[in-house]
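First comes the structure, then the notes that go with it.
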Amino acid sequence: MHELSKQFRFEAAHTLTRSIDVEPSRRIHGHSYRAEVSLRGRPDPETGMLVDLGLFSRALAEARDGLDHRFLDEVADLGPATLENLSVWIWRKVEGVCPGLHKVTVYRDSEGDACSYFGPGAKSA
């Protein structure tokens, strides 16, 4: 069993309704994010790869383009711009192209925050 991961970064702004830090969260503010997408499986015996890294890169570039320098409140099908919703949104964007999709993690490194999503059909070890 192998695990193959690739990361991308994006910058985005949003508002958020919260029970603490209410006023700063309601105002438009931005964050720097890092996303990591992990695949699990056995390499194809002919190619020796879980997935062609070119295809993997394209799938992540498309997901990144949907988030980078965007106002996340306006991103279709995202919902409130939480780490939880971002990880699910990225999963949905790449799942059709990334066989063996195992996990999507979204990080806010400046705050030390991270959230991982193991979607339906995620491969276990």
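- Using cut-offs of 30° and 60° on the angle between ring planes, the pair H14 and H31 is tilted.
- Few gaps surround CZ on R92; more than 12 heavy atoms of other groups in view lie less than 6.0 Å from it.
- Counting only heavy atoms from C-beta outward, the side chains of D65 and R70 approach each other to under 4.5 Å.
- When side chains are defined from C-beta on, L67 counts as touching I90, because their heavy atoms get closer than 4.5 Å.
- To the nearest 0.5 Å, atom CG of residue N85 and atom CG of residue D77 are 11.0 Å apart.
- No donor-acceptor contact under 3.5 angstrom links the side chains of E84 and Y117, judged on distance only.
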Exercise. How far apart are the C-alpha atoms of K6 and E36, what are their side-chain angles, what is the distance that settles it, and do they pass the side chain to side chain contact (heavy atoms under 4.5 Å, CB included) test?
Worked result: CA-CA 6 Å; K6 197 159 183 58; E36 181 175 33; over 6 Å; no
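- Both L101 and L4 belong to a common hydrophobic cluster when Ile, Leu, Val, Met, Phe, Trp and Tyr are linked at side-chain heavy-atom distances under 4.5 angstrom.
- Under the 4.5 Å side-chain heavy-atom criterion for grouping Ile, Leu, Val, Met, Phe, Trp and Tyr, V88 is connected to L78 within one hydrophobic cluster.
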Exercise. Stepwise, does the side chain to side chain contact (heavy atoms under 4.5 Å, CB included) test hold for H2 with R40?
Worked result: CA-CA 6 Å; H2 288 82; R40 269 196 184 169; over 6 Å; no
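- Cluster membership check: V97 does not share its hydrophobic cluster with V37, using side-chain heavy-atom separations under 4.5 Å among Ile, Leu, Val, Met, Phe, Trp and Tyr.
- Side-chain contact check for E11 and S32: at least one donor-acceptor pair (N or O, by modelled atom type) lies under 3.5 Å.
- Cluster membership for W91 and L72, using ILVMFWY side-chain heavy atoms within less than 4.5 angstrom, is shared.
- Taking OG of S5 as the start and CZ of F56 as the end, the distance is 6.5 Å to the nearest 0.5 Å.
- We find that D109 and R9 are joined by a salt bridge, their nearest charged nitrogen and carboxylate oxygen being less than 4.0 Å apart.
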